[in-house]
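Quick notes on the structure that follows.
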Amino acid sequence: MIPYGRQNITQSDIEAVVDVLKSNFLTQGPVVPEFEKSISQYAGVKHAVAVNSATSALHIACLALGVGRSDTVWTSPNSFVASANCAIYCGANVDFVDIDPGTYNISVEALHCKLRETERVGKLPKVVIPVHFAGQCCDIESIRQLADRYGFMVIEDASHAIGATYRNEPTGNCRYSDMTVFSFHPVKIITTGEGGMVTTNRQDLYDKLIRLRSHGITRNPELMTEPTHGPWYYQQIDLGFNYRMTDIQAALGCSQLSKLNEFVSRRRELAARYDNLLKHLPLSLPSFSPYAMSSWHLYVIRIQQDKISKTQRQVFDSLRNAGIGVNLHYIPIHLQPFYAARGFKQGDFPNAEQYYREAISLPLYYGMRDEDQDYIVSTLKSIL
Ligand SMILES: *Cc1c(COP(=O)(O)O)cnc(C)c1O
């Protein structure tokens with residue numbers, strides 16, 4: 001089976017990990033700060049906080065912004081469930097903003113409409129989490145303008161988008177947001193096995209994130225309620241978690257990050273090849289925003305139902321039967337039973353629902369060979 005996504009691990013990655021295994025620290029050693037520094041330099045941002053997953057990163061990002069009961073967080077229904085769950089972890093409410101039918105990202109117009117409506121009833125969101133779907137950045141500057149006007153904060157879910165750019169600047173620089181979250185799950189652009197990162201330019205958020213990642217504990221005497229008892233002393237001043245990344249993972253992260261540009265350029269090449277090879281088929285291909293250069297986490301096609309006699313399901317099954325590991329990103333979050341039980345229903349976000357009825361993610365990963373791609377294209381042609 002050709003998978004839809006796969007990590008690329010080389011001898012140098014393996015050696016980096018083995019070096020840590022032979023060193024004094026498997027966790028809480030020097031490599032996590034090194035990885036954080038490399039990410040912050042890459043993204044052009046002041047601070048980076050490594051954690052054990054993007055899910056944890058989203059959770060502590062919400063907590064750092066003070067999200068709690070009586071607050072509401074908005075995100076895209078076309079995302080992985082973690083983009084919404086992070087608010088529920090904090091006891092907050094979740095709501096969604098429908099997607100743009102071209103980019104499959106949160107629609108800025110729909111966001112603006114919903115803000116106008118909710119302002120009238122006094123229920124504005126505290127935080128909005130735009131998701132850079134498939135690696136293509138949302139129009140984050142426009143979202144920032146709405147944030148300033150309506151007074152909400154912004155966490156970018158850039159789980160798909162390390163290596164992408166927005167107006168020629170790297171994703172994660174937080175020029176238009178409070179924080180950005182990356183994922184290093186093996187299907188994403190670079191991997192640490194499991195892992196995530198929060199970036200921010202705000203010192204206050206950075207201090208909170210550091211504490212929340214490690215039990216809410218501080219060793220900074222200035223933050224303590226009484227003078228230190230001695231060199232062993234620490235105080236727990238918040239309720240935090242053990243969300244730490246290990247040095248083993250961070251070593252893999254540093255090594256992978258050094259190959260990020262190479263990974264992304266191959267993905268761009270493969271995406272351009274798909275564009276070219278698929279352009280005459282009855283499919284909608286990914287669209288381009290003038291302001292964004294995608295990192296191409298996903299290559300999503302949409303079946304044009306009015307032009308073919310096969311259903312999305314038939315096309316999907318035929319591809320799987322031919323050994324092609326297609327997938328579907330995403331089942332609209334609001335239709336998951338957990339969210340349906342909170343009052344959401346079919347029809348709430350029609351663009352995300354329509355998209356779900358037509359979309360198929362084709363395999364795309366750094367190590368995919370041109371021959372694999374040619375096989376996928378010819379199989380798809382014969383199915384259609
Ligand atoms: C993968 C993903 C996450 C969660 O990442 P983990 O590192 O697996 O916790 C969150 N949001 C989006 C959009 C993702 O694709």
Side-chain angles (χ1 to χ4, degrees), residues 43-49 54 57-68 70-79 82-84 86-88 90 92-100 103-133 136-161 164-182 197-206 208-209 289-292 333 349:
V45 69
K46 285 206 183 103
H47 308 289
V49 178
L58 287 162
H59 182 194
I60 61 171
C62 285
L63 286 174
L65 292 177
V67 172
S70 81
D71 292 324
T72 302
V73 173
W74 292 359
T75 189
S76 169
N78 183 34
S79 186
S83 306
C86 54
I88 309 277
C90 304
N93 293 311
V94 168
D95 203 350
F96 302 93
V97 179
D98 207 358
I99 60 169
D100 178 287
T103 63
Y104 318 144
N105 277 328
I106 203 166
S107 156
V108 176
E109 293 83 74
L111 175 61
H112 197 177
C113 271
K114 197 174 172 100
L115 287 164
R116 264 193 245 114
E117 281 166 25
T118 48
E119 188 182 40
R120 261 184 264 126
V121 291
K123 289 217 165 151
L124 285 168
K126 180 162 192 151
V127 175
V128 174
I129 307 179
V131 180
H132 301 318
F133 179 78
Q136 178 168 238
C137 291
C138 301
D139 187 1
I140 195 75
E141 186 178 8
S142 302
I143 294 173
R144 172 84 260 154
Q145 285 165 1
L146 293 173
D148 292 340
R149 181 150 154 209
Y150 291 91
F152 59 84
M153 293 175 284
V154 180
I155 302 171
E156 297 174 67
D157 184 345
S159 293
H160 300 180
T165 61
Y166 176 77
R167 299 198 191 284
N168 297 316
E169 290 183 4
T171 309
N173 71 0
C174 301
R175 181 186 289 280
Y176 303 105
S177 66
D178 296 280
M179 283 173 280
T180 301
V181 166
F182 293 126
M197 189 77 74
V198 189
T199 63
T200 185
N201 289 313
R202 285 177 52 182
Q203 182 72 40
D204 61 324
L205 294 178
Y206 174 69
K208 282 189 191 158
L209 292 167
S289 307
Y291 47 75
I333 301 176
F349 305 101

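Keep in mind it's a predicted model, so treat the numbers as computed, not measured.
With hydrogens and angles disregarded, a donor-acceptor distance shorter than 3.5 Å links the side chain of Asn201 to the backbone of Lys46. Looking only at distances, no side-chain donor or acceptor of Asp100 sits under 3.5 Å from a matching main-chain atom of Asn105. Not a single donor-acceptor pair under 3.5 Å links the side chain of Glu156 to the backbone N or O of His132. Proximity of a side-chain donor or acceptor of Ser289 to a complementary backbone N or O of Tyr291 within less than 3.5 Å is not detected. Of the possible donor and acceptor atoms, one in the side chain of Asp178 sits under 3.5 Å from a partner among the backbone N and O of Val154. At distances below 3.5 Å, not a single donor-acceptor pair connects side-chain atoms of Asn78 with backbone N or O atoms of Ile106. Counting only distance, with no hydrogens or angles, the side chain of Asp71 and the backbone of Lys126 share no donor-acceptor pair below 3.5 Å.
Contact check for Asp98 versus Ser107: no side-chain heavy atoms found under the 4.5 Å cut-off. Under the 4.5 Å side-chain criterion, counting only non-hydrogen atoms from C-beta, Gln136 is in contact with Thr103. Phe182 has its side chain within reach of Thr199: a pair of non-hydrogen atoms, C-beta onward, lies under 4.5 Å apart. Looking only at side-chain heavy atoms (C-beta outward), Leu65 and Arg202 come within less than 4.5 Å of each other. Contact check for Pro125 versus Leu115: side-chain heavy atoms found under the 4.5 Å cut-off. Using a 4.5 Å heavy-atom threshold, the side chains of Arg149 and His112 count as touching. With contacts defined as side-chain heavy-atom distances shorter than 4.5 Å, the pair Ile155/Cys62 qualifies. With a 4.5 Å cut-off on side-chain heavy atoms, Ile140 and Cys137 do not count as touching.
The two residues Asn173 and Ala43 make their nearest non-hydrogen contact at CB-O, 3.0 Å. Scanning all heavy atoms of the two residues, the minimum distance from Tyr104 to Ile99 falls at O-CG2, 3.6 Å. Among all heavy-atom pairs drawn from Cys86 and Ile129, the shortest one is SG-CD1, 3.6 Å. Ile333 and Ala84 make their closest contact through CG2-CB, 4.1 Å (heavy atoms, listed as atom of the first residue, atom of the second, distance). Closest approach of Pro130 and Cys138 over heavy atoms only: CB-SG, 3.8 Å. Residues Ile60 and Leu209 come closest through the heavy atom pair O-CD2, 3.6 Å.
Within a 6.0 Å radius of CG in Asn168, other residues, nucleotides and ligands contribute 12 heavy atoms or fewer.
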(message) As a quick check of understanding, evaluate side-chain contact (heavy atoms from CB on, under 4.5 Å) for Thr75 and Phe96, giving each step before the final call.
(response) CA-CA 5 Å; Thr75 189; Phe96 302 93; 3.9 Å; yes

(message) Asp95 vs Lys114, test: salt bridge (Lys or Arg N to Asp or Glu O under 4.0 Å). Steps then yes/no.
(response) CA-CA 10 Å; Asp95 203 350; Lys114 197 174 172 100; 3.0 Å; yes

(request) Output, in order, the C-alpha distance, side-chain angles, deciding distance and verdict of side-chain contact (heavy atoms from CB on, under 4.5 Å) for Thr200 and Val45. (result) CA-CA 6 Å; Thr200 185; Val45 69; 5.6 Å; no

(message) With side-chain contact (heavy atoms from CB on, under 4.5 Å) as the criterion, how do Leu111 and Tyr150 come out once you've worked through the C-alpha distance, each side chain's angles and the decisive distance to 0.1 Å?
(response) CA-CA 11 Å; Leu111 175 61; Tyr150 291 91; over 6 Å; no

(request) Begin from the C-alpha positions of Tyr166 and Asp139 and carry the test side chain to side chain donor-acceptor pair (under 3.5 Å) through to its verdict. (result) CA-CA 8 Å; Tyr166 176 77; Asp139 187 1; 2.5 Å; yes

(request) Apply salt bridge (Lys or Arg N to Asp or Glu O under 4.0 Å) to the pair Arg144 and Asp148, showing each step before the final yes or no. (result) CA-CA 6 Å; Arg144 172 84 260 154; Asp148 292 340; 3.2 Å; yes

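Note that the CZ atom of Arg175 and the OG1 atom of Thr180 stand 12.5 Å from one another [nearest 0.5 Å].
The aromatic rings of His47 and Tyr206 sit parallel, their planes meeting at an angle under 30°, below the 60° perpendicular limit.
Residues passing the side-chain hydrogen bond (donor to acceptor under 3.5 Å, both in side chains) test with Ser83 are Ser79, Asp157, sequence neighbours excluded.
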